[in-house]
There are 2 protein chains.
Amino acid sequence: MNPVSPTFSPLYRQIKELVLQSLDAGEWKPGEPIPSEVELSARFGVSQGTVRKAIDELAGENLLVRRQGKGTFVASHSEPVTQFRFLRLHPNEGEREQPESRLLEVRRQRASSEVARVLDLKAGESVVYVRRLLVFGGTPIVLDEISLPAPLFKGLDAQMLNAHEGSYYGLYERQFGTRMIRAEERIRAVAADAEAASVLGVEKGAPLLCVDRTAYTYGDRPVEFRRGLYRTDQHHYRNSLV
Amino acid sequence: MNPVSPTFSPLYRQIKELVLQSLDAGEWKPGEPIPSEVELSARFGVSQGTVRKAIDELAGENLLVRRQGKGTFVASHSEPVTQFRFLRLHPNEGEREQPESRLLEVRRQRASSEVARVLDLKAGESVVYVRRLLVFGGTPIVLDEISLPAPLFKGLDAQMLNAHEGSYYGLYERQFGTRMIRAEERIRAVAADAEAASVLGVEKGAPLLCVDRTAYTYGDRPVEFRRGLYRTDQHHYRNSLV
DNA sequence: CAGTGGTCTAGACCACTCT
DNA sequence: GAGTGGTCTAGACCACTGC
């Protein structure tokens, strides 16, 4: 009948879409519980099983967290367990330890054409530019350059960035109501330039992992571009293929 | 009651386990259909919904493929759509194209201590060692060194490797009944040595991506160790974080 | 048309948390 | 004990495939 786009979508997907809209609108904040399954099934006029299937998918995408006996909660980057979700770097030997984040620079600037493209901005629009170091056990391992659309992050300054605990994504959602839900990374091997070499304590020309990350919020709207240079002599980037 | 290990597992997980055992035992081969849901629910004496939930999980782990109106099939590496599932390399510009695999070397040798460790062998056990090049549009991009436990791959030789189409994993399952279902990768940036530089057509010391992959079959048994050196001037390794 | 997987319902009972 | 999510059932109907 309609070979191009499905004119039909099952009920549970429509429910999922409605819940997504409420999440996007901020009806329930990160860390807070959403209404119970029976409550939602009453609100939407469907069976509990249909609500369950919608929530199952959202939980599978890490947007919601189910806790038996307690309820279903909006996923949050502020919880300790979530700290390492987006940092795939592991030490070659031993356990992962909490890194120290050392802020090097914060300023507003005009978006480069590359940053404008990935953040879906017009060339020259204002961005917040952050440069920082991740230090593991006293050794600088990651040099990050972060670009954020300035209008979404009004008031972000060095003091806020220094005061935060854990990953920046917790700060984004607490202070600016922008919750990051997904990211794409592109990884290359590059030679350290003089600047990176000095900051990371390696020879100029030494091989570094270059990780370009674009992070998205609800509705696939890009909200952060981050270029990380990783020292991988004592660490490696870990990935599972399934 | 039992705080250490769950003494109980839900019915659908037990069903899942039984289906997994049949898959491992080769009761149904890759590409073949498994029995229908009603058939399985009769066999196991549970409702169709319980079987569905078991199969849902297996399909979510890419061990089974559902096809509405046709049946549920054992996932296979021999199908065209599966070709790129484990190769995360993309061109910086343009579409992915089918690479040519250029075999450099095949031989039996004793496992190094590193290979023995990841493949869970005793040091010195026999492995098949394969060295090959992946060539995209005439340019060598990936240099792979592959180690396989020799007992599992009796009779693997250059002729078989040259005759195959697509990824080696299709060959493994067709010729040796070993189906790869999961892999772990560890990624570092390294400097090209003289040998790699000459084969990949870069300067000695040029940065390369070094991707160490351990591949597993049913029951988390390791069956392949692969070290790939990737040129990433025209390509990048892509990864999604969710 | 019969057979497959996909959706939806209603209801029962279980496991867990909190008060 | 009340309220939450988790499991299991039985049955109805829909959508897709192939004969």
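In the text below, chain A, chain B and the rest are named by the order of the sequence lines, each starting its count at 1. The basis for the numbers below is simple: all heavy atoms, side chains too, and nothing from hydrogens, waters or symmetry mates.
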| query | CG of B/Leu23 to CG of B/Leu58: how many Å apart, nearest 0.5 Å? | reply | 7.0 Å

| Taking DNA chain D as the partner, which of residues 11-21 of chain B come within under 4.0 angstrom of it by heavy atom? | B/Leu11, B/Tyr12

| request: Considering only heavy atoms of chain B and a distance under 4.0 Å, specify the first and last nucleotide of DNA chain C in 5' to 3' order that meet this criterion. | output: C/dG3 to C/dT7

| Can the positive tip of A/Arg226 be found less than 6.0 Å from the middle of the six-membered ring of A/Phe86, inside 45° of the ring normal? | no

| Aromatic rings A/Tyr230 and A/Tyr237: how do their planes relate, parallel, tilted or perpendicular, breaks at 30° and 60°? | tilted

| In terms of ring plane angle, is the pair A/Tyr169 and A/Tyr172 parallel, tilted or perpendicular, where the classes change at 30° and 60°? | perpendicular

| query | Is there a residue in residues 24-53 of chain B whose heavy atoms reach under 4.0 Å of DNA chain C, and which residues are they? | reply | B/Ser36, B/Glu37, B/Val38, B/Arg52

| query | So, are A/Asp56 and B/Lys53 salt-bridged, with charged N and O less than 4.0 Å apart? | reply | no

| message | Whether A/Arg227 and A/Glu145 form a salt bridge (side-chain N of Lys/Arg under 4.0 Å from carboxylate O of Asp/Glu) is what I want to check. | response | no

Distances for protein N or O near nucleotides 16-19 of chain D N or O, under 3.5 Å:
{"residue": "D/dC16", "atom": "O4'", "partner": "B/Gln68", "partner atom": "OE1", "Å": "3.3"}

| field | Donor-acceptor contact present, side-chain B/Arg132 to main-chain B/Val106, <3.5 Å | value | no

| query | Side chain of A/Arg238, backbone of A/Arg88: donor and acceptor closer than 3.5 Å? | reply | no

Donor-acceptor list for residues 149-162 of chain A side chains, cut-off 3.5 Å, not counting sequence neighbours:
{"residue": "A/Asp157", "atom": "OD1", "partner": "A/Gln159", "partner atom": "N", "Å": "3.3"}
{"residue": "A/Asp157", "atom": "OD1", "partner": "A/Met160", "partner atom": "N", "Å": "3.0"}
{"residue": "A/Asn162", "atom": "ND2", "partner": "A/Ala158", "partner atom": "O", "Å": "3.2"}

| request: Mind jotting down which residue pairs meet the side chain to side chain donor-acceptor pair (under 3.5 Å) criterion with at least one end in residues 29-38 of chain B? Sequence neighbours excluded, please. | output: B/Glu37-B/Gln48, B/Glu37-B/Arg52, B/Glu37-B/Arg66

